[in-house]
Amino acid sequence: MDRSSLFQLIQEQLDPENTGFIAVENFTSLVEHHELQLDPSKLDMLLALVQSNEDGQVCYQELIELMSSKRSSSFRRAIANGRRTLQREILLDETGLGLYKRFVRYVAYEILPCETDRRWYFHQNRLCPPPVFIAIVTIVQIIVFMCYGIMLNKWVLQTYQPDFMKSPLVYHPGHRAQVWRFFSYMFMHVGLEQLGFNALLQLMIGVPLEMVHGILRISLLYMAGVLAGSLTVSITDMRAPVVGGSGGVYALCSAHLANVVMNWAGMRCPYKLLRMILALVCMSSEVGRAVWLRFSPPLPSSGPQPSFMAHLSGAVVGISMGLLILRSYEESLQKQCSWWVIVFSFITFLLFAIFWNIFAYDLLGVQIPPPP
């Protein structure tokens, strides 16, 4: 029986009056007499949803959302109330897994703080769609860096080369009317050290996050960090250019680290304290390096060096928008008031930045270095 036929059967036979609820005994009969093509964890959660209901009824909409691989907040509460029916082997105890399934289990314990969520993700995980966004961004960044490295014959401190700053991808305040530069700067990097740092964090943190939370949410978070980075620089460091994907990288990293801290007891990733300290030290060192290059350039330059404010604004995006995304695994963001507060705040910041870029430079008499 396919899914659409099953939904029609449920509505016609179990809820003919369209009340929105199904009696528990009727649903139990459906499970016993019809073959439901569901994985074991989903069937367990269906039964948990039934047995946790005190009124003897199952919400039809929650049932449909579950069978469509969606989970609402009310469903999560129902599962929490019926947790006693889900006592099976811990995911770490499962044996005989192939290489890919072992990797999926590793990702589940790296990202998710709840054993029920980890089992759900493990059993319903599919390779379609694959986590391609972070991989594609990283590959493009490497290709662009290699092209400019070969062209300039320089692999570190490329921003001191005039031809590098002439790239149509670099954000420069003199070219801020070219809107694509507010995004495209993420493909350019100061040197091999910045590219290596960003690519490593993107792949180590971004790919597992994309596997769990999906390409749409993680790409939204990454690009929001990138856009917030360039806009923040245009407001707070008005004479400086911007290069590097640090805005998006710091959005991902800060969101993940904040999620780990807020769910410390539930996280089962090994050596989490040591890894947390190491990540904070590396991120702080990268910010320190960017500050040093901005205010104490080691080589003579024709203009200001790239700003470090994109790092900080990306972290703010991660702690606000990113944390909410990571805490809403398999939940609808549109139904959460806090999500709309964050969206409204980001749109307000975006509109303010647009007006600032249009009027503030002339009103404040900012002396912009001539664009290359």
Side-chain angles (χ1 to χ4, degrees), residues 158-190 194 198 220-252 254-255 283 286-297 300-322 339-372:
Q158 290 184 347
T159 52
Y160 291 90
Q161 294 286 342
D163 290 338
F164 179 88
M165 299 304 293
K166 291 179 182 178
S167 170
L169 301 178
V170 173
Y171 168 81
H172 189 281
H175 291 308
R176 65 186 185 281
Q178 299 174 355
V179 179
W180 71 84
R181 292 177 180 261
F182 285 90
F183 296 94
S184 62
Y185 77 92
M186 72 180 188
F187 297 115
M188 306 290 290
H189 287 81
V190 172
Q194 186 189 25
N198 285 347
L220 172 64
L221 175 59
Y222 188 92
M223 297 308 297
V226 169
L227 180 58
S230 55
L231 291 177
T232 301
V233 171
S234 71
I235 296 172
T236 61
D237 200 357
M238 300 170 68
R239 301 179 69 249
V242 189
V243 296
S246 298
V249 172
Y250 274 62
L252 295 178
S254 59
M283 293 172 66
E286 170 62 17
V287 174
R289 186 195 66 86
V291 173
W292 170 63
L293 290 177
R294 173 67 180 90
F295 294 111
S296 299
S301 60
S302 58
Q305 287 298 293
S307 176
F308 59 91
M309 291 302 297
H311 299 70
L312 305 182
S313 57
V316 172
V317 170
I319 294 174
S320 54
M321 178 187 295
W339 170 251
W340 292 110
V341 171
I342 292 175
V343 170
F344 175 78
S345 302
F346 191 84
I347 293 176
T348 302
F349 166 72
L350 178 62
L351 294 176
F352 172 79
I354 292 174
F355 279 98
W356 182 275
N357 278 272
I358 294 175
F359 301 109
Y361 281 76
D362 293 332
L363 293 176
L364 298 176
V366 178
Q367 298 296 320
I368 302 175

Would you call the rings of Trp356 and Phe352 parallel, tilted or perpendicular if under 30° counts as parallel and over 60° as perpendicular?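 Correct class here is tilted.
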For the pair Tyr171 and Phe182, name the ring-plane relationship: parallel under 30°, tilted 30 to 60°, perpendicular over 60°.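 Correct class here is tilted.
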For [X] against [Y], the heavy-atom pair lying closest together:
X	Y	result
Met165	Thr159	CG-O, 3.5 Å
Ala240	Pro173	O-CD, 3.5 Å
Ala228	Phe346	CB-CE1, 4.2 Å
Val243	Gln194	O-NE2, 3.7 Å
Gly225	Ala251	CA-CB, 4.1 Å
Pro241	Pro304	CD-O, 3.4 Å

How long is the straight-line distance from [atom2] of [Y] back to [atom1] of [X], given to the nearest 0.5 Å?
X	Y	atom1	atom2	value
His311	Thr232	NE2	OG1	12.5 Å
Met238	Asn357	CE	CG	7.5 Å
Phe349	Ser313	CZ	OG	7.0 Å
Ile368	Arg176	CD1	CZ	4.5 Å
Met186	Leu227	CE	CG	11.0 Å
His172	Ser167	NE2	OG	12.5 Å

Are [X] and [Y] packed together at the side-chain level, in the sense that at least one heavy-atom pair is separated by less than 4.5 angstrom?
X	Y	result
Ser234	Tyr361	yes
Pro297	Tyr160	yes
Asp237	Arg294	yes
Pro168	Ser184	no
Pro306	Leu293	no
Met321	Trp339	yes

Assess the residue pair Met188 and Gln158 against the criterion (side chain to side chain contact (heavy atoms under 4.5 Å, CB included)); give the C-alpha distance rounded to whole Å, side-chain angles, the decisive distance to 0.1 Å, and a yes or no. CA-CA 10 Å; Met188 306 290 290; Gln158 290 184 347; 5.9 Å; no
CZ (Phe295) with more than 12 external heavy atoms under 6.0 Å: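 Yes, because the 6.0 Å sphere around CZ of Phe295 holds more than 12 heavy atoms from other groups.
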Criterion side chain to side chain contact (heavy atoms under 4.5 Å, CB included) against Val317, the qualifying member of Val226, Ile342, Leu221, Leu252: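 Filter result, single survivor: Leu221.
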